[in-house]
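First up is the structure itself, then whatever we jot down about it.
Keep in mind that this is a model prediction, so the values were computed, not measured.
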Amino acid sequence: MLKDFLIVGAGSFVGGGLRMLVSRYVDSHVAAAVARASVPAAMGLPLGTLAVNSLGCFAIGFVAGLPSAGGMLPPQGRAFLTTGFCGGFTTFSTFISENTSMMRADNLTGMAAYIAASLMLGFMAFAAGHWAARMA
């Protein structure tokens with residue numbers, strides 16, 4: 001049990017740290033480029049969180065698509081990558097907090113767009129990751 005705890009904790013540490021880096025990069029570079037391009041649908045949306053959650057969906061879809069049999073990825077590796085890394089990398093609580101902020105700011109259109117984009121991109125990224133694993 002302690003070994004599994006440490007494996008998942010290590011994955012979460014790596015995932016959480018990477019989440020911060022990717023989210024900050026997207027928020028500072030990609031969001032600024034989108035704003036300069038005057039893309040109205042993306043203005044004001046938390047693109048950093050959208051990016052990490054979509055990438056995390058791809059990653060967990062990829063791991064889910066790997067065959068369980070044959071020892072390609074041992075159970076500890078799956079736990080490190082799914083519960084640990086993807087759990088630390090993606091962020092449902094931040095997603096909810098950002099939606100609540102948009103609701104309080106009376107940005108219901110932005111909130112609806114963010115929820116829809118998050119769900120659509122998440123499902124598509126998971127499916128793409130699953131497909132990519134099957135092709136590997």
Task: Inter-residue atom distance Asn107.CG - Arg104.CZ, 0.5 Å rounding - done: 14.0 Å
Open item on the list: With a 3.5 Å distance limit and no angle check, can you tell me whether Asp27 reaches the backbone of Gly48 through a side-chain donor-acceptor pair?
Closed with: yes
TODO: For Phe85 and Leu18, work out which heavy atoms get closest and say how close.
DONE: CZ-CD2, 3.7 Å
Task: Non-hydrogen side-chain atoms of Glu98 and Tyr114 separated by less than 4.5 Å - done: yes
Task: Over all atoms of both residues, closest heavy-atom pair of Ala133 and Phe62 - done: CB-O, 3.0 Å
- [ ] Kindly work out whether a path of hydrophobic side-chain contacts (I/L/V/M/F/W/Y, heavy atoms less than 4.5 Å apart) joins Leu119 to Met124.
- [x] yes
Task: Whether Ser101 side chain and Ser97 backbone form a donor-acceptor pair below 3.5 Å - done: yes
TODO: Quick one: name the residues clustered hydrophobically with Ile60, using the 4.5 Å side-chain heavy-atom rule over I, L, V, M, F, W, Y, and just say none if it's on its own.
DONE: Phe126
- [ ] For the pair Arg134 (side chain) and Leu66 (backbone), establish whether a donor and an acceptor sit closer than 3.5 Å, ignoring hydrogens and angles.
- [x] no
Open item on the list: I'd like to check Phe95 versus Ile115 (side-chain heavy atoms, cut-off strictly below 4.5 Å). Are they in contact?
Closed with: yes
Task: Short side-chain to backbone donor-acceptor contact, Arg78 and Val63, under 3.5 Å - done: yes
Task: Spacing of CE belonging to Met1 relative to CG belonging to Asp4, to within rounding of 0.5 Å - done: 7.0 Å
TODO: Look at the side-chain heavy atoms of Ile, Leu, Val, Met, Phe, Trp and Tyr, link any pair under 4.5 Å apart, and say whether Val8 and Phe89 land in one connected group.
DONE: no
Open item on the list: To check you understand the geometry: which heavy-atom pair defines the closest contact between Met111 and Asn99, and what is its length?
Closed with: CG-OD1, 3.1 Å
Open item on the list: Please find the pair of heavy atoms, one from Cys57 and one from Gly122, that lie closest to each other, and give the distance.
Closed with: CB-O, 3.4 Å
Open item on the list: With a sphere of 6.0 Å drawn around CZ of Arg24, does it hold more than 12 non-hydrogen atoms of other residues, nucleotides or ligands?
Closed with: no
Open item on the list: Apply side-chain contact (heavy atoms from CB on, under 4.5 Å) to residues Phe92 and Ile96 and explain how you reach the verdict.
Closed with: CA-CA 6 Å; Phe92 187 71; Ile96 294 299; 3.6 Å; yes
Task: side chain to side chain donor-acceptor pair (under 3.5 Å) against Thr83, all qualifying residues, sequence neighbours excluded - done: none
Task: Any Val52 side-chain heavy atom under 4.5 Å of Thr94 side chain - done: no
- [ ] Check whether any side-chain heavy atom of Met102 lies under 4.5 Å from a side-chain heavy atom of Leu108, and answer yes or no.
- [x] no
Task: Candidate list Leu55, Val26, Leu121, test side chain to side chain contact (heavy atoms under 4.5 Å, CB included), partner Leu50, passing option - done: Leu121
- [ ] Provide the closest heavy-atom pair for Ala59 versus Cys86 in the form atom of the first, atom of the second, distance.
- [x] CB-SG, 3.8 Å
